[in-house]
Amino acid sequence: MIDSYFVNNRSKCAKRKMDQEEREEEPEMKAKVFNTENLNKSNNSSCQATSSSKLSFLEMDRKVNLQWKQIISENLNLEYVQLFSETEADVLFQEAEKVIKYNADSKVFVYGKWHKVPRKQAAYGDMGLTYTFSGTTVVAQPWNNAPFLKHIGDLVSCLSGGHKFNFVLVNRYNDGNDHMGEHRDDEADLVPKSAIASVSVGQARDFIFRHRDARGSGAKRKIDPVKFELSHGSLLIMNHPTNVYWFHSLPVRKKVICPRINLTFRQMVVKK
DNA sequence: TACGGTCACCGGA
DNA sequence: ATCCGGTGACCGT
């Protein structure tokens with residue numbers, strides 16, 4: 001049974017995070033990071049859920065006072081912001097735990113073998129949309145089954161300067177053993193050049209980008225990976241052409257004991 | 001100091 | 001998008 005382990009055990013989780021911070025030096029960041037306020041587009045209009053939500057804070061103006069970071073490297077274009085307060089993110093985490101129905105034993109076909117994915121997976125979106133990768137197809141459940149996801153998507157769409165999203169893939173990482181291997185989001189179902197918006201709640205986890213030309217023993221070039229943490233209540237926007245050149249992963253972290261839920265909002269091709 | 005256990009990282013399949 | 005194995009760093013004793 002899914003509980004609210006992350007929220008109920010906040011002190012345990014927070015302490016563990018502090019231990020790590022004490023141990024570790026500031027990581028090297030070769031990519032350029034720019035701090036910008038209200039990065040996204042010129043006008044001053046507010047951003048909020050477009051339809052009435054029972055989570056009232058989703059209807060607050062989100063555009064003011066956001067401290068965006070722009071993370072730039074060769075063909076890498078990311079925008080990162082702490083979108084929700086800790087309290088708000090707690091509410092979203094618990095709503096997700098209550099509402100989201102995960103697919104039973106999702107499997108993928110990689111290098112000639114079927115594997116159970118090392119996390120839980122679900123998808124919501126417009127009627128009829130599906131997402132196919134590594135031999136598996138995830139079918140969107142209707143937004144009505146999890147309205148808060150639609151509301152977050154609308155909010156993020158506004159904040160990102162008008163990217164449209166009709167689909168959200170939900171990944172739940174129960175602890176540090178749950179992970180996702182290196183890959184690019186380059187599936188045919190995705191609208192070409194569309195941005196992907198990633199909202200995280202629960203346990204903060206490391207996230208790593210590696211350039212395609214800097215991988216493997218015969219790597220053509222030496223390009224430093226880009227590593228940072230996706231925090232509780234954060235939003236990461238991956239802009240084109242990031243997904244053409246950079247692989248990303250959520251590595252195993254043995255010391256992590258708390259769950260994280262990630263929502264990746266996408267624009268999928270509408271099939272005729 | 002030396003060693004054993006753990007873990008992060010990376011390449012190969 | 002998977003797991004597995006080799007390497008090397010790090011930590012505690």
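Lettering follows sequence order; numbering is per chain, from 1.
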>> For the residue pair A/Arg212 and A/Phe247, would you count it as a cation-pi contact if the rule is NZ or CZ under 6.0 angstrom from the ring centre and within 45 degrees of the ring axis?
In response: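 No, A/Arg212 and A/Phe247 do not form such a contact.
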
Have a look at [X] and say if it touches a base, only the backbone sugar-phosphate, or nothing, with a 4.0 Å heavy-atom cut-off.
X	value
A/Pro118	sugar-phosphate
A/Val252	sugar-phosphate
A/Asn171	nothing
A/Lys113	nothing
A/Phe133	sugar-phosphate

Distance, rounded to the nearest Å, where [X] contributes [atom1] and [N] contributes [atom2]:
X	N	atom1	atom2	result
A/Glu229	B/dA8	CD	P	14 Å
A/Arg253	B/dC7	CZ	P	12 Å
A/His248	B/dC9	NE2	P	17 Å
A/Lys116	C/dC4	NZ	C1'	19 Å
A/Arg215	B/dA13	CZ	C1'	13 Å
A/Tyr111	C/dG5	OH	P	17 Å
A/Lys255	C/dC11	NZ	P	9 Å
A/Phe247	C/dT2	CZ	P	13 Å

[X] vs [N]: side-chain N/O to OP1/OP2 distance below 4.0 Å:
X	N	answer
A/His179	C/dT2	no
A/Lys107	C/dT2	no
A/Ser217	B/dC10	no

> Do the ring planes of A/Phe207 and A/His248 sit parallel (below 30°), tilted (30 to 60°) or perpendicular (above 60°)?
Replying inline: tilted

>> As a quick check of understanding, evaluate side-chain hydrogen bond (donor to acceptor under 3.5 Å, both in side chains) for A/Gln67 and A/Asn35, giving each step before the final call.
In response: CA-CA 7 Å; A/Gln67 306 292 313; A/Asn35 290 301; over 6 Å; no

> For DNA chain B, whose closest nucleotide is more 5', that of A/Glu182 or that of A/Val110?
Replying inline: A/Glu182

> Okay, side chain of A/Ser198, backbone of A/Leu236: is any donor-acceptor separation there less than 3.5 Å?
Replying inline: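 Looks like no, no N/O pair under 3.5 Å.
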
> For the rings on A/Trp143 and A/Tyr124, is their centre-to-centre separation under 6.0 Å?
Replying inline: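 That pair fails the under 6.0 Å test.
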
